[in-house]
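Proteins come first, then strands; the chains are lettered A, B, ... in the order of their sequence lines, and each starts at number 1.
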Amino acid sequence: MWYNGEDVTRRLAILTGNERKIKVPEPFRFTPNLAYLAGAANECLYRIREGRLRKALRLPDGSGGQAAGLLELRAEDESLLALRLWNAAGTEEVLPEQMDAAEAYVRDWFDLSRDLAPFYAMAERDSLLQRTIRPFYGLRLVGIPDLFEALSWGIIGQQINLAFAHTLKRRLVEACGEYLDIGGERHWLFPPAERVAELPAAALQELQMTGRKSEYLIGTARLIAEGRLSKELLAQAGSCAEAERMLTGIRGIGPWTANYVLMRCLRMPAAFPVGDVGLQNAVRQLAGMDRKPTQEELYRLAAGWTGWESYATFYLWRMLY
DNA sequence: CTCCAGGTTGCGT
DNA sequence: ACGCAACATGGA
C-alpha cells in the first residue's frame, strides 16, 4: 500500500539526476487534473502537449539565490507521476535541492498530501456534490503556490470574464518580461512582487486594466515586496476567518479575493468564496433553480460541507468550465 | 444595443 | 447598515 511521504519518493526515485517519480495515493487521477489545466485557453504560465505539462519555475540556485528551471510532468500511469527538470540553459544538470524544490512545488500544486477520502464520503451524501465527484474522480484542488501570483490572479479576475482575465494576465506577464527559451519554446515566469511593486499605475492601465485594479495590484505587490505580507504570515493565522481579515484589510481585496487566495494558495479547506458568480451559477444549474441562489440559500446548501468548502467550490466550478 | 463576466470601493441614503 | 454607480473589455 502506497502513501505519500518522503520514503515513498526515495524508494521510487530514479537516479538519472533530473528525473523523479511520485506515487500518489488514491483518490487521485492525473487525467482530470490535466484536463482542468488544459481547459484554460490562453494560459501563459504552462504548456500542455501530448499529455506532458511544462512550466518554468523559480528554484534555489544552491548558494542562497534563485535560478529558473523548466519542469515537465507526465503520468506514467494515472497515479504515478514522472517529473523532469531542466536548467535555464535547457540541459539536464540540476542540483538535488532543485529536484527537491520542483517536487515540493508539484506536491503543493496538486495538493498531493491531502486525503480526499473524507471529502468524497461527504460528497456522496450531498445532493449537489454527488453529481460532481464521479465525472471528476481524482481531481485535486489545483493550486497557485506563489502568493503574489495567486493574489494577482484573484485581483485580475475580479468582475470580468475568465477569457479576458487570461488576456490581462498574459499582458502583465509579458510586459514584465521574464522567460526561459528552451527547446524552441518560450516559457514565461510570473513576475516577482518586487518587479510589479515598482511599476507606475499607468503601466498597468496600458494593459487595459482599470485604474483601480492597477492600484490594487501594485499596492499588494508593495506589501509583499516589503515583507509585510507573506504566505508564512497568513499561515500563522489562527483560523481561516482570521486570515481572511488579514487579507480584506488590504485595499482591493474583498471577501471573494481573500477566500479565493486562501483556497488556492494557502489551501485552507474551509475557504469559501460564496460571492462567486461561477459558484452561484453552478448551484443554480445543479439545483434546477431559475435564478442564482442568494447568499443565504448558498450557506444553507453548504451546511454539510464544513471543512471542505474549498473542494466543494472547486468541483462545482468544474461543472461549468 | 443590452446584459453579464471567478468584485470592490466609495459615496449617498 | 445597505444600495448603487463606476470601472474596461469582450462575448453572447
In whole angstrom, what separates [X]'s [atom1] from [N]'s [atom2]?
| X | N | atom1 | atom2 | value |
| --- | --- | --- | --- | --- |
| Q295(A) | dC2(C) | CD | C1' | 14 Å |
| L207(A) | dC7(C) | CG | P | 19 Å |
| I155(A) | dA8(C) | CD1 | P | 15 Å |
| M209(A) | dG7(B) | CE | C1' | 15 Å |
| W256(A) | dT9(B) | CH2 | C1' | 16 Å |
| I253(A) | dG10(B) | CD1 | P | 14 Å |
| Q205(A) | dA6(C) | CD | C1' | 14 Å |
| F164(A) | dC7(C) | CZ | P | 15 Å |

Under a 4.0 Å N-O cut-off, is there an ion pair linking K21(A) with D77(A)? no

Relative to the ring of W153(A), is the ring of H166(A) parallel (under 30°), tilted (30 to 60°) or perpendicular (over 60°)? tilted

Identify whether any heavy atom of [X] sits under 4.0 Å from a base atom; if not, whether one sits that close to sugar-phosphate; answer base, sugar-phosphate or nothing.
| X | value |
| --- | --- |
| P255(A) | sugar-phosphate |
| Q158(A) | sugar-phosphate |
| L168(A) | nothing |
| T167(A) | nothing |
| I250(A) | sugar-phosphate |
| N259(A) | nothing |

State whether N281(A) places a side-chain N or O below 4.0 Å from either non-bridging phosphate oxygen (OP1 or OP2) of dA5(B). yes

Would you tell me if any nitrogen or oxygen in the side chain of R212(A) comes within less than 4.0 Å of OP1 or OP2 on dA8(C)? no

Would you indicate which nucleotide in dG10(C), dA5(B), dT8(B) comes nearest to any side-chain atom of Q159(A)? dA5(B)

Of the listed dA5(B), dA8(C), dG10(B), the closest approach to the K292(A) side chain comes from dA5(B)

Hey, are the side chains of F110(A) and L73(A) touching, using non-hydrogen atoms and a 4.5 Å cut-off? yes

Note: for G252(A) and R264(A) on DNA chain B, the residue whose nearest nucleotide lies more 5' is R264(A)

Approximate separation, where rounding is to 0.5 Å, of M209(A) CE and L217(A) CG: 5.0 Å

Does any donor atom in the side chain of Y137(A) or E26(A) lie under 3.5 Å from an acceptor atom in the other side chain? yes

Hey, which of these two, A163(A) or T210(A), hits DNA chain C nearer its 5' end, going by closest nucleotide? T210(A)

Write down the distance separating the P atoms in dG10(C) and dT8(B), rounded off to the nearest Å. 23 Å

Spacing of the C1' atoms in dA5(B) and dC2(C) (rounded, Å): 24 Å

The test is side chain to side chain donor-acceptor pair (under 3.5 Å); show your working for T91(A) and E93(A) and say whether it passes. CA-CA 6 Å; T91(A) 62; E93(A) 291 86 46; 2.9 Å; yes

